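Throughout, protein chains are lettered first and strands after them, A, B, ... in sequence-line order, and every chain is numbered starting at 1. Since this is a predicted model, take the numbers as computed values, not measurements.
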There are 2 protein chains.
Amino acid sequence: MDNRELEIFLTLAELLHFGRASQVCNLSASALTRTIQRLEEQVGQPLFLRDNRTVSLSAAGEQFRIYARQALQEWQQFHTAIKSEQTIAGTLSIYASITAVYSLLPDLLESYRNAYPEVQLELRTGTAEQAVGQVQTGEIDLAVAALPDRNRSQIEFLPITTTPLVFIAPLQPESSIALTIEEQLDLSKTPLVLPQAGLSRRRLDKWLKSKRISPNISSEVSGNEAIIPMVKLGCGVSIVPQLVLERSPFRDEVQILKNAPQLEPYVVGLCSTKRNLQRSSVQAFWQLAEDQSL
Amino acid sequence: MDNRELEIFLTLAELLHFGRASQVCNLSASALTRTIQRLEEQVGQPLFLRDNRTVSLSAAGEQFRIYARQALQEWQQFHTAIKSEQTIAGTLSIYASITAVYSLLPDLLESYRNAYPEVQLELRTGTAEQAVGQVQTGEIDLAVAALPDRNRSQIEFLPITTTPLVFIAPLQPESSIALTIEEQLDLSKTPLVLPQAGLSRRRLDKWLKSKRISPNISSEVSGNEAIIPMVKLGCGVSIVPQLVLERSPFRDEVQILKNAPQLEPYVVGLCSTKRNLQRSSVQAFWQLAEDQSL
DNA sequence: ATACTGTGTTGCGCAAAACACAACATGACT
DNA sequence: AGTCATGTTGTGTTTTGCGCAACACAGTAT
């Protein structure tokens with residue numbers, strides 16, 4: 001009971017002529033005969049009354065014609081409906097870490113919105129830490145965040161850009177920081193403003209541990225965005241991803257230390273699951289990011 | 001886009017597990033995978049989001065599920081509707097010649113009505129002459145009538161019974177007829193009541209011509225049923241099919257002439273077209289008549 | 001670390017279904 | 001009687017669908 005068979009039936013029901021109908025359907029006459037025979041077997045009743053001269057619809061045929069018309073129409077409707085939605089639509093929930101919000105997201109979001117204005121966007125922000133978790137549980141389709149250190153299972157990651165972690169210091173440094181500006185930074189003496197947790201904290205810890213340095217911590221703050229004003233106030237030096245610094249309103253009120261340790265750079269990109277990547281709205285975002293990072 | 005494929009889809013959409021769904025459908029896992037792939041190709045979008053761990057419906061899948069449910073339900077409805085009508089129903093229009101109405105029809109109609117009470121019957125009566133024409137033009141499904149002399153094209157005939165054409169005379173014959181009752185009938189002398197047209201007229205004409213007799217015609221009437229009262233009134237002798245005589249209310253008021261010429265007997269039966277015989281209501285009548293005539 | 005388990009997918013041979021071509025059957029027309 | 005028109009049936013070929021086995025992949029256990 002294929003849709004095609006229904007179309008064949010309808011053609012014959014209209015033309016009432018096996019020969020012509022078979023031509024219209026691009027079928028041999030015998031194939032048409034057998035198709036109708038199959039249908040009649042499935043329906044359980046003759047659909048056409050044949051006569052070596054003429055063909056006409058039986059009572060069952062009339063009813064089947066109504067059924068077939070409706071069935072085909074509904075398929076058409078469904079198909080066009082689905083195709084019209086093919087113009088990538090639906091919803092897309094994005095989670096962005098603060099870092100990402102300041103760096104990649106504006107460009108990406110703008111391109112996406114221009115390309116696929118039909119998609120209903122939902123944007124949530126939070127720490128990069130939570131990003132992967134949210135993606136994994138399915139609460140969120142996609143995250144724009146720094147690459148987590150350990151690649152978690154079932155997570156697809158698309159790196160878009162890297163940005164170095166830079167050390168920053170106040171423009172008018174106090175005495176304890178003064179000398180560090182032109183000299184090699186000595187982290188055991190210079191007061192440090194540290195993120196409470198997060199990737200950059202782990203990077204720094206790792207580095208400090210490898211150098212066996214115990215730092216002089218002046219304060220701990222949560223989140224990269226809070227670090228910059230703290231440094232500006234003179235609490236100490238700190239590290240932030242360069243991208244974050246560039247987009248900060250305080251970017252001109254702190255300075256980057258040149259003679260500072262080189263930490264592993266941030267890799268910022270997209271996180272999603274294989275499953276979500278099968279959805280067109282997600283796939284489109286992914287594709288777009290892939291293209292832009294080229 | 002077979003109905004079976006829709007069922008398979010719905011099963012998987014419910015279980016969300018290829019392995020179990022394939023078992024439920026009596027299918028190998030690979031066949032299920034490919035069935036879904038076929039469907040997805042026809043729909044033009046993925047229906048399921050797969051992950052090596054879990055399966056879930058995509059947005060298109062959700063919509064397709066609604067479509068599939070409806071399509072299947074409509075097929076079910078159509079099928080049960082058609083099957084319930086399988087108890088031979090519909091309409092059956094019967095044309096019966098007067099002869100038939102008096103002879104075969106009562107029994108046949110009663111049996112038919114008992115066997116297939118659902119069929120809406122339509123009965124028209126008229127001359128045997130018109131019967132074949134009406135069947136041929138399709139105005140009537142079936143005719144119960146005497147076999148027409150020349151078998152017309154596309155007409156199926158089922159003989160049911162034969163009945164002789166008998167000569168009848170009044171019980172109290174007038175002088176001119178008196179002697180004929182015991183003697184050999186002399187048609188050139190005896191006054192005749194003749195049907196104006198019709199099969200029995202043709203039979204008689206044929207016989208007379210072969211014997212080169214010019215008859216003594218007392219009156220002409222139209223229709224077999226009118227002949228009997230005319231004979232009873234003493235207008236002359238005449239011929240009627242025996243079956244007609246037997247069912248006539250005047251059957252006891254005329255007598256059958258034994259020493260009369262033997263005319264070719266009437267063959268009474270069913271007329272229809274091949275085309276109409278494909279309809280169950282017609283076929284059933286035919287079948288019934290076939291059985292009864294055994 | 002390595003093997004094992006659960007799950008969906010792909011390669012491949014085979015069997016069933018569908019098809020085209022030709023022959024046939026039937027009835028009408030000449 | 002022969003020819004035409006039309007639907008059906010016989011037969012060999014192509015296409016489709018299926019099952020089995022192997023694979024791919026990710027989690028989990030040893």
Item to complete: Starting at atom CZ of R275(B), determine the distance to atom C1' of dA28(C), rounded to an integer number of angstrom.
Response: 15 Å

Discussion item. Check this for me: does the side-chain of R34(B) come within 3.5 Å of the base of dG19(D) through a donor and an acceptor?
Written reply: yes

Item to complete: Would you please say whether a donor-acceptor pair under 3.5 Å links the side chains of Q70(A) and E74(A)?
Response: yes

Practice prompt. Compare side-chain N and O positions of R38(B) against OP1 and OP2 of dG17(D) and report whether any pair is under 4.0 Å apart.
Written response: yes

Worksheet item: With a 4.0 Å cut-off on heavy atoms, is L27(A) in touch with a base, just the backbone sugar-phosphate, or nothing at all?
Response: sugar-phosphate

Worksheet item: Are any of the side-chain nitrogens in R201(B) or D205(B) under 4.0 Å away from the carboxylate oxygens of its partner?
Response: yes

Discussion item. Taking 4.0 Å as the cut-off, does a side-chain nitrogen or oxygen of H17(B) come that near to OP1 or OP2 on dG8(C)?
Written reply: yes

Discussion item. Using whole Å, what does the distance between atom P of nucleotide dC20(D) and atom CD of Q23(B) come to?
Written reply: 12 Å

Worksheet entry | Distance-only donor-acceptor test (3.5 Å): side chain S30(A), base dC19(C) | no

Worksheet item: In whole Å, what is the span from the CG atom of N26(A) to the C1' atom of dT15(D)?
Response: 17 Å

Worksheet item: Between atom CZ in F48(B) and atom C1' in dT9(C), what is the gap in whole Å?
Response: 15 Å

Discussion item. With a 6.0 Å cut-off (strictly less than), is the heavy-atom count around CZ of R4(A), excluding the residue itself, greater than 12?
Written reply: no

Worksheet entry | Ring geometry between W75(A) and F64(B) (parallel below 30°, tilted from 30 to 60°, perpendicular above 60°) | perpendicular

Discussion item. Nearest to the side chain of F18(A), heavy atoms from C-beta on, is which of dT9(C), dG7(D), dA20(C)?
Written reply: dG7(D)

Worksheet item: R4(A) side chain N/O closer than 4.0 Å to the phosphate oxygens (OP1, OP2) of dC19(C)?
Response: yes

Fill in: Spacing of N52(A) atom CG relative to dC24(C) atom P, expressed in whole Å
17 Å

Worksheet, complete the sentence: Contacts of D51(A) and E5(A) projected onto DNA chain C by closest heavy atom; the upstream (5') one is E5(A)

Discussion item. How many whole angstroms separate atom CG of L32(A) from atom C1' of dA20(C)?
Written reply: 13 Å

Item to complete: Write down the atom of I36(B), the atom of F9(B), and the distance for their closest heavy-atom approach.
Response: CD1-CA, 4.3 Å

Fill in: From dC19(C), dG7(D), dG8(C), nucleotide with atom closest to T35(A) side chain
dC19(C)

Fill in: Nucleotide nearest S28(A) when distance is taken to its side chain, options dC18(D), dT9(C), dC19(C)
dC19(C)

Worksheet item: OP1, OP2 of dT9(C) versus side-chain N and O of T33(B): anything below 4.0 Å?
Response: yes

Worksheet item: Considering only side-chain heavy atoms of R53(B), which listed nucleotide, dG19(D), dA5(D), dG27(D), is closest?
Response: dG27(D)

Worksheet item: At under 4.0 Å, does any side-chain N or O of Q37(A) touch on OP1 or OP2 of dT9(D)?
Response: yes

Worksheet item: Aromatic rings F78(A) and Y67(B): how do their planes relate, parallel, tilted or perpendicular, breaks at 30° and 60°?
Response: parallel

Fill in: Short side-chain N/O contact to dT6(D) OP1/OP2 from R50(A), under 4.0 Å
no

Worksheet item: Do the side-chain N or O atoms of K274(A) get closer than 4.0 angstrom to the phosphate oxygens (OP1, OP2) of dC25(D)?
Response: no

Item to complete: For Q278(B) and dG7(D), give me the distance from atom CD to atom P, rounded to whole Å.
Response: 12 Å

Worksheet item: How would you label the contact of T54(A) with the nucleic acid (heavy atoms, under 4.0 Å): base, sugar-phosphate, or nothing?
Response: nothing

Worksheet entry | Distance, rounded to the nearest Å, where D2(A) contributes CG and dA17(C) contributes P | 15 Å

